[in-house]
Amino acid sequence: MQKVHWRQVVSLSLKMGWCSMSTQLINRSPDLKRLRDEGFSVHIKGGLLVIDDVPYVTAERKVSIGTLVSTLALQGEKAAYDNMHVAHFAGSQPCFADGRPINEIMHQTIETNHGNGIITKMSFSSKPSGGYRDYHHKMITYINILQAQAQVIDSSMDAKRFRPLEDDVTSVFNYVDTNASRASITELTEMFAEQKIGIVGLGGTGSYILDFIAKTPVKEIHLFDGDAFLTHNAFRAPGAPSIEQLNEGMSKVDYLSDIYSKMHKGIRAHSLFMTEQHMELLKEMDFVFVSIDSGEIKRLIFDYLDGNDIPYIDVGMGLTIEEKVLRGSVRTTAFMAEEHKGLRRMIDFSEGVDNAYSTNIQIAELNGLNAAIAVLRWKQHLGFYQSLVDEGQVMFSINTLGLVKT
């Protein structure tokens, strides 16, 4: 039997499409592809450009192996160099062959957890006249500075290993989250990874909640709403549907799922009105956002979530027209701890004209604000944002632009 070299297997896999999002991104970016073609151990992880197997000299005049890490800017499915000349390094202080530190390239000596298991100890800053042309130019420059000293001690040292690499295929996104990596908050966003989120009601506020949640790496986002997406919905939801889309008469959850599934793989649409028979669908949720007007079904949802110890947030908006101006408030009520359950007395579960929210006046910026406060409180609950208080309810008054916390 004829032996097949591993390089032939790698080449065949790329030709036949057996490649992850990371590999596809590299293949479509000439500067990144050049790095890989030249034999460097390059891959994309957590929105960062990572090159392993970089030889350098330690303070003990020993040759060691480190990892170079760079932020990565993208233009769709290919790299777009962002003029950020700083690179991070996982390893000890790089030295000349005689053991003297290479201080000329040192930027900061600080440990940084970039998430996805990437922890660097320091950063470098070396910018040639005119700057770097692209990521290949940038990374090659740093590699050459480090490995040149290693080769003085051991001439066989070379960052070009030509070894097959496993790519990261676990992301819930359809493209790399370079926003989190550029902001160095990937480690923080990992706390969302196993969350299954339910959103009951995909009207104005619910659709904005989806917009915000879809940009976090939660495992799944379940959408519950039985209404159709009608023309009035277009004026209080994110985005701008075409007249052709409105003519299709899609359900809210199918319309929104179609949009956000382009970004997030975990969108699950349930085109139904929540009833007592459907409560079991909420059982697997880690957190639920309730964004509906109906009072009695809301009471049943609360009862079910409380009974199953599932934390949740209820949102509401009460606007009236008085003297030809709108006035009212936006409410966000969090039920995330035992002491919050007493806040149920402040929720209006009535139906019809006596319900303070029955006028259903909704304005996009207030829907967005309501959703933003709700998602912020959820992120505080998980520990993403600092929280010095634990009030369950936040009311935003429109006429005073004031927040009242209870």
Side-chain angles (χ1 to χ4, degrees), residues 21-22 25 44-48 71-74 112-118 168-225 237-239 252-253 255-270 282 284-291 305 310-315 332 334-336 367-387 394:
M21 178 169 61
S22 173
L25 196 158
I44 311 300
K45 193 168 185 180
L48 296 168
T71 57
L72 183 66
L74 300 179
T112 304
N113 190 329
H114 302 273
N116 294 283
I118 302 173
D168 179 18
V169 294
T170 60
S171 175
V172 295
F173 295 116
N174 289 313
Y175 40 87
V176 180
D177 179 10
T178 53
N179 181 63
S181 58
R182 286 168 65 85
S184 298
I185 60 171
T186 303
E187 180 191 14
L188 282 174
T189 63
E190 288 178 346
M191 67 178 61
F192 305 129
E194 296 303 315
Q195 289 272 301
K196 291 185 179 181
I197 304 298
I199 305 176
V200 181
L202 273 298
T205 301
S207 59
Y208 275 101
I209 290 172
L210 169 61
D211 185 82
F212 299 143
I213 298 291
K215 289 157 186 170
T216 68
V218 296
K219 188 173 185 178
E220 294 176 5
I221 308 171
H222 291 256
L223 314 180
F224 302 94
D225 197 311
K252 286 180 183 176
V253 294
Y255 167 75
L256 292 167
S257 175
D258 182 62
I259 293 173
Y260 289 96
S261 290
K262 295 172 182 175
M263 181 181 198
H264 199 291
K265 300 174 185 176
I267 310 294
R268 306 287 184 266
H270 305 271
L282 301 176
E284 300 302 317
M285 300 299 107
D286 295 294
F287 199 95
V288 175
F289 292 91
V290 183
S291 179
L305 296 175
I310 300 171
Y312 58 102
I313 285 177
D314 180 61
V315 296
T332 304
F335 299 91
M336 303 183 298
N367 289 128
L369 174 63
N370 206 359
I373 295 173
V375 172
L376 188 153
R377 293 291 286 119
W378 166 67
K379 289 185 175 183
Q380 283 183 321
H381 171 68
L382 292 182
F384 182 84
Y385 288 123
Q386 183 183 34
S387 178
V394 176

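For the pair I118 and L48, the tightest heavy-atom approach, listed with the atom from each and the gap, is CD1-CD1, 4.0 Å. Across all non-hydrogen atoms, the minimal contact from G46 to T186 is O-OG1, 3.8 Å. Nearest heavy-atom pair, N174 versus S261, reported as atom, atom and distance to 0.1 Å: ND2-O, 2.8 Å. Of all heavy-atom pairs between V290 and Y312, the closest is CG2-CD1, 4.4 Å. Nearest heavy atoms, V315 versus A374: CG1-CB, 3.8 Å. The two residues G204 and Y208 have their closest heavy-atom pair at O-CD1, 3.2 Å.
Put simply, the side chain of E220 never gets that close to the backbone of Q195: no donor and acceptor are under 3.5 Å apart. A donor-acceptor pair under 3.5 Å is formed between the side chain of H264 and the backbone N or O of V218. Using modelled atom types, one side-chain atom of D225 and one backbone atom of L202 make a donor-acceptor pair closer than 3.5 Å. In this structure a side-chain-to-backbone donor-acceptor pair under 3.5 Å is present from S171 to F173.
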Kindly indicate, with the supporting measurements, whether the criterion side chain to side chain contact (heavy atoms under 4.5 Å, CB included) is fulfilled by S207 and L256. CA-CA 8 Å; S207 59; L256 292 167; 4.0 Å; yes
Check the pair T216, T189 against side chain to side chain contact (heavy atoms under 4.5 Å, CB included), reporting the backbone distance first and the verdict last. CA-CA 7 Å; T216 68; T189 63; over 6 Å; no
Go through it in stages, so that I can follow the logic: the residues are N116 and E190, the test is side chain to side chain contact (heavy atoms under 4.5 Å, CB included), and I'd like the CA-CA distance, side-chain angles, deciding distance and then a yes or no. CA-CA 8 Å; N116 294 283; E190 288 178 346; 3.8 Å; yes
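Aromatic ring pairs are classed by plane angle as parallel below 30°, tilted from 30° to 60° and perpendicular above 60°; the pair H270 and F224 is parallel. Using a 30° and 60° split on the angle between ring planes, F192 and F384 fall in the tilted class, from 30° to 60°.
L210 CG to I259 CD1: the interatomic distance, rounded to the nearest 0.5 Å, is 8.5 Å. Going from atom NE2 of H222 over to atom CD of E284 covers 9.0 Å, rounded to the nearest 0.5 Å. Between the CD1 atom in I197 and the CD1 atom in I221 there is a gap of 7.5 Å [rounded to 0.5 Å]. A distance of 6.5 Å separates CD1 of I185 from CG of N179, quoted to the nearest 0.5 Å. From S387, atom OG reaches atom CG of L382 across 11.5 Å, with rounding to the nearest 0.5 Å. Taken to the nearest 0.5 Å, the CG atom of L72 stands 5.0 Å off from the CD1 atom of I44.
Here the side chains of Y175 and M263 are in contact, with some heavy-atom distance below 4.5 Å.
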